[in-house]
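This is a predicted model, so every value here is computed, not measured. What's counted below: heavy atoms across the whole structure, side chains too, no hydrogens, waters or symmetry copies.
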Amino acid sequence: MAPSSYQAPKRGDKAEKVTYSQTTESNLSHTQTTVSKLLEGKGDAVFSVRPTETIREVVGLLKEKHIGALVVTDQNGALMGILSERDIVRRMAETPGQTLPQSVEDLMTRDVQTCSPDDYLMDVLSRMTEGRFRHMPVLKDGNLCGMITIGDVVHFRLKELEYEALRMKQMIVG
């Protein structure tokens, strides 16, 4: 038997605490972020080379621009391929001392995976991870309008998470 001074807690005895739970919307918001959102912050600069240029020229441009890949375009700017540092290093292993004079068209990847500004970042990230490549040209109506890297996507997502954490912290404190 309970002591006579004891009263069972009743609804409303304690002040209602406001809690902030994760919702389907907050958990899935990052899956709705598109490539165009990333390009808004990154910009749409795309560095390209022609298929007849040499690997020596490409290496100089990669170094100068601090980038890891270039798109290969024709005289009208249409995408023909992509050439990455990885492509060059592999060819150097195959043709030591003879790689720099070779032409871009001999090394470039012709079957280029692309995305559109409307594609979801998480889908693009999955494609890049599964395909084991780090650079993806962005095409809008068949025209180059940007280039994203796996690093861009990861960095963008980390910034989103930092913002979400800050927002939640402000909601809890405020």
**Student:** Does any pair with a residue in residues 55-68 pass side chain to side chain donor-acceptor pair (under 3.5 Å), and if so which ones, sequence neighbours excluded?
**Tutor:** T54-E57
**Student:** Could you pull out all donor-acceptor pairs under 3.5 Å where a side-chain atom in residues 88-97 meets a protein atom, sequence neighbours excluded?
**Tutor:**
unit_1 : atom_1 : unit_2 : atom_2 : d
R91    : NE     : E94    : OE1    : 3.4
R91    : NH1    : Q102   : OE1    : 2.6
R91    : NH2    : D106   : O      : 3.0
T95    : OG1    : R91    : O      : 2.9
T95    : OG1    : T99    : OG1    : 2.9
T95    : OG1    : Q102   : NE2    : 3.0

**Student:** Please walk me through it: do I150 and L125 pass side chain to side chain contact (heavy atoms under 4.5 Å, CB included)?
**Tutor:** CA-CA 7 Å; I150 202 162; L125 181 61; 3.5 Å; yes
**Student:** Rounded to the nearest 0.5 Å, what separation is found between the OG1 atom of T114 and the CG atom of L144?
**Tutor:** 9.0 Å
**Student:** Go through it in stages, so that I can follow the logic: the residues are T34 and K37, the test is side chain to side chain contact (heavy atoms under 4.5 Å, CB included), and I'd like the CA-CA distance, side-chain angles, deciding distance and then a yes or no.
**Tutor:** CA-CA 5 Å; T34 61; K37 187 75 173 166; 4.1 Å; yes
**Student:** Could you check if a side-chain atom of E53 sits within less than 4.5 angstrom of a side-chain atom of E105, using non-hydrogen atoms only?
**Tutor:** no
**Student:** Ignoring hydrogens and geometry beyond distance, is a side-chain donor-acceptor pair present between E160 and T33 at under 3.5 Å?
**Tutor:** yes
**Student:** Do V153 and L38 have side chains that get closer than 4.5 Å, going by heavy atoms?
**Tutor:** yes
**Student:** Are L100 and L62 linked, directly or through intermediate hydrophobic residues, by side-chain heavy-atom contacts shorter than 4.5 Å (ILVMFWY only)?
**Tutor:** yes
**Student:** Do M147 and F47 share a hydrophobic cluster (ILVMFWY, side-chain heavy atoms under 4.5 Å, transitive)?
**Tutor:** no
**Student:** Who else is in the cluster with L166 when I, L, V, M, F, W and Y are joined by side-chain contacts under 4.5 Å?
**Tutor:** none
**Student:** Can you tell me how far the CE atom of M171 sits from the CE atom of M168, to the nearest 0.5 Å?
**Tutor:** 7.0 Å
**Student:** Please tabulate, for side-chain N and O atoms in residues 134-143, each donor-acceptor pair with protein atoms closer than 3.5 Å (sequence neighbours left out).
**Tutor:**
none

**Student:** I want to check something: taking the side chain as every heavy atom from C-beta on, are P117 and C145 in contact at a cut-off of under 4.5 Å?
**Tutor:** yes
**Student:** Name each donor-acceptor pair under 3.5 Å that joins a side chain in residues 68-85 to protein atoms two or more places apart or in another chain, with its distance.
**Tutor:**
unit_1 : atom_1 : unit_2 : atom_2 : d
T73    : OG1    : R50    : NH1    : 2.9
D74    : OD1    : N76    : N      : 2.8
D74    : OD1    : G77    : N      : 3.0
D74    : OD1    : A78    : N      : 2.9
S84    : OG     : R86    : N      : 3.3
S84    : OG     : D87    : N      : 3.2
S84    : OG     : D87    : OD2    : 3.2

**Student:** Please list, chain by chain and in numerical order, all residues satisfying side chain to side chain contact (heavy atoms under 4.5 Å, CB included) with R132, sequence neighbours excluded.
**Tutor:** none
**Student:** Measure the shortest side-chain to side-chain distance between C115 and V124 over non-hydrogen atoms and say whether it is less than 4.5 angstrom.
**Tutor:** yes
**Student:** Check step by step if side-chain hydrogen bond (donor to acceptor under 3.5 Å, both in side chains) holds for D152 and T149.
**Tutor:** CA-CA 5 Å; D152 294 333; T149 69; 3.2 Å; yes
**Student:** Quick one: does S116's side chain have a donor or acceptor within less than 3.5 Å of a partner on D118's backbone?
**Tutor:** yes
**Student:** Salt-bridged, E164 to R167, with N to O below 4.0 Å?
**Tutor:** no
**Student:** Starting from V46, can I reach L61 by hopping between I/L/V/M/F/W/Y residues whose side chains sit under 4.5 Å apart?
**Tutor:** no
